[in-house]
Novice: 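Input: one structure, supplied below.
Residues: numbered from 1 along the sequence shown.
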Amino acid sequence: MNETEVERQIDQMVKFIKQEADEKANEIAVSAEEEFNIEKLQLLEAEKAKIRKDYERREGQIDVKKKIEYSKQLNESRLKVLQARENAVHELINEAQQGLTSFSKDQQKYKGLLADLLVQAFAKLSEPSVIVKVRDADQGLAKDALEDARSKFKGAFGKDGPDAKLDTKSFLPAASSGKEGEDSCCGGVVVSSADGKIVCANTLDERLKIAYAQNLPMIRGEFFGIEAPVRAEMHL
């Protein structure tokens, strides 16, 4: 083999080695590109999942805040409605109290009412001796009402009423002067047994409380449109 052939074979071997090297380098480059793309896709998907999760968390927080705010506003609205209802009822009671106070100024009618209240208290207590307490301003009227009450009691029950004495030392509160928080009384009587152990509060204020409690369903219906259940007729 001459020198020319040797060089030609060497060139062929070099070209073959270079070709194999190029092919191998290309395979490595393609593989690296594929691995890079796969890793990039995985990182991208992971970042997307992270963003979605964060978005869902934030969206959930916003939804919870909205629900809390809605519930808060709903409760505030309910409280305002309840407060408005309570104010309306208090206004109604105040008007009724003013009406009762005005009624007590009509001495003739008020004396008749005092006598009726005394008869009811006598019958309820069924005591031989009782003590009658009224407002200081009603002392004179109460004396006359006591006589009428004794007569009405005997006519109604066919027997004499109890020995009733007017308390001249301790009195019921006076009529309201309009000051908030003051003790006041629209009128009426408080009758107790002689030993003070049994007490019948038959004041106009107590009767108003009873009437209010018994008529509350009707009041709700008239004022607030709440249907009142059917109830038995109120008896005083």
Novice: Are the side chain of Asp205 and the backbone of Cys186 linked by a donor-acceptor contact shorter than 3.5 Å?
Specialist: yes

Novice: Please name all residues satisfying side-chain hydrogen bond (donor to acceptor under 3.5 Å, both in side chains) with Glu147, sequence neighbours left out, ordered by chain then number.
Specialist: Arg150

Novice: With sequence neighbours left out, write down each residue that passes salt bridge (Lys or Arg N to Asp or Glu O under 4.0 Å) with Glu127, or none if nothing qualifies.
Specialist: none

Novice: Grouping I, L, V, M, F, W and Y whenever their side-chain heavy atoms are under 4.5 Å apart, do Leu114 and Ile131 come out in a common cluster?
Specialist: no

Novice: Taking atom CD as the centre, does Glu39 end up with more than 12 heavy-atom neighbours from other residues, nucleotides or ligands that are less than 6.0 angstrom away?
Specialist: no

Novice: Hydrophobic cluster mates of Ile68, side-chain heavy atoms under 4.5 angstrom, ILVMFWY only, any path?
Specialist: Val64

Novice: Test of understanding: with salt bridge (Lys or Arg N to Asp or Glu O under 4.0 Å), list the residues that count as partners of Lys152, not counting sequence neighbours.
Specialist: Asp116

Novice: Determine the minimum heavy-atom distance between Ser192 and Val199, stating which atoms define it.
Specialist: CB-CG2, 3.9 Å

Novice: Checking the side chain of Tyr110 only, and the main-chain atoms of Gly188 only, is there a donor and an acceptor separated by less than 3.5 Å?
Specialist: yes

Novice: Is it the case that one hydrophobic cluster holds both Val81 and Leu92, taking links as side-chain heavy atoms less than 4.5 Å apart, direct or via other members?
Specialist: no

Novice: Taking all non-hydrogen atoms of both residues into account, name the closest pair between Val190 and Ala201 and its distance.
Specialist: CG2-CA, 4.1 Å

Novice: Within the supplied structure, the quantity of interest is the number of heavy atoms (other residues, nucleotides, ligands) at a distance under 6.0 Å from Asn37 CG; does it exceed 12?
Specialist: yes

Novice: Is there a side chain to side chain contact (heavy atoms under 4.5 Å, CB included) between Leu204 and Leu113? Walk through the geometry before answering.
Specialist: CA-CA 10 Å; Leu204 299 186; Leu113 178 60; 3.5 Å; yes

Novice: Taking transitive links into account, so neighbours of neighbours count too, which hydrophobic residues share a cluster with Leu41 at under 4.5 Å side-chain distance?
Specialist: none

Novice: Do Glu47 and Leu43 make a side-chain contact, defined as non-hydrogen atoms from C-beta onward lying under 4.5 Å apart?
Specialist: no

Novice: Does a side chain donor of either Gln83 or Asn87 reach within less than 3.5 Å of an acceptor in the other side chain?
Specialist: yes

Novice: Kindly write out the residues that satisfy salt bridge (Lys or Arg N to Asp or Glu O under 4.0 Å) with Arg52, not counting sequence neighbours, or none if the list is empty.
Specialist: none

Novice: For Ala121 and Asn202, which heavy atoms make the closest approach, and how far apart are they?
Specialist: N-ND2, 4.2 Å

Novice: Could you tabulate the donor-acceptor pairs under 3.5 Å formed by side-chain atoms of residues 153-174, not counting sequence neighbours?
Specialist:
| from | atom 1 | to | atom 2 | distance (Å) |
| --- | --- | --- | --- | --- |
| Lys154 | NZ | Asp160 | OD1 | 3.4 |
| Asp167 | OD1 | Lys169 | N | 2.9 |
| Asp167 | OD1 | Ser170 | N | 3.0 |
| Ser170 | OG | Lys133 | NZ | 3.1 |

Novice: List for me each residue that meets side-chain hydrogen bond (donor to acceptor under 3.5 Å, both in side chains) alongside Asp54, sequence neighbours excluded, and say none if there are none.
Specialist: Arg57, Arg58

Novice: Checking Lys209 now: which residues fulfil salt bridge (Lys or Arg N to Asp or Glu O under 4.0 Å) with it, not counting sequence neighbours?
Specialist: Glu206

Novice: Tell me, yes or no, whether the heavy-atom count around Gln139 atom CD, taken from other residues, nucleotides or ligands under 6.0 Å, exceeds 12.
Specialist: yes

Novice: Which residue pairs pass the salt bridge (Lys or Arg N to Asp or Glu O under 4.0 Å) test when at least one of the two sits in residues 59-71, sequence neighbours left out?
Specialist: Asp63-Lys67

Novice: For Ala145 and Ala115, work out which heavy atoms get closest and say how close.
Specialist: O-CB, 3.7 Å

Novice: For the residue pair Leu208 and Ala96, what are the closest heavy atoms and their distance?
Specialist: CD1-CB, 3.8 Å

Novice: Quick one: CD on Glu86 to CG on Leu79, what's the gap to the nearest 0.5 Å?
Specialist: 11.0 Å

Novice: Just by distance, do the side chain of Ser104 and the backbone of Thr101 share a donor-acceptor pair under 3.5 Å?
Specialist: yes

Novice: Could you tell me the separation between the CZ atom of Arg207 and the CG atom of Leu117, rounded to the nearest 0.5 Å?
Specialist: 6.5 Å

Novice: Distance-only check: which donor-acceptor pairs under 3.5 Å involve side-chain atoms of residues 13-33, not counting sequence neighbours?
Specialist:
| from | atom 1 | to | atom 2 | distance (Å) |
| --- | --- | --- | --- | --- |
| Gln19 | NE2 | Glu23 | OE2 | 3.4 |

Novice: With sequence neighbours left out, write down each residue that passes side-chain hydrogen bond (donor to acceptor under 3.5 Å, both in side chains) with Ser193, or none if nothing qualifies.
Specialist: Asp195

Novice: Might you point out which heavy atoms bring Gly187 and Asp138 nearest each other, and give the distance in Å?
Specialist: CA-OD2, 4.3 Å

Novice: Kindly compute the distance separating SG (Cys185) from CD (Gln97), expressed to the nearest 0.5 Å.
Specialist: 10.0 Å

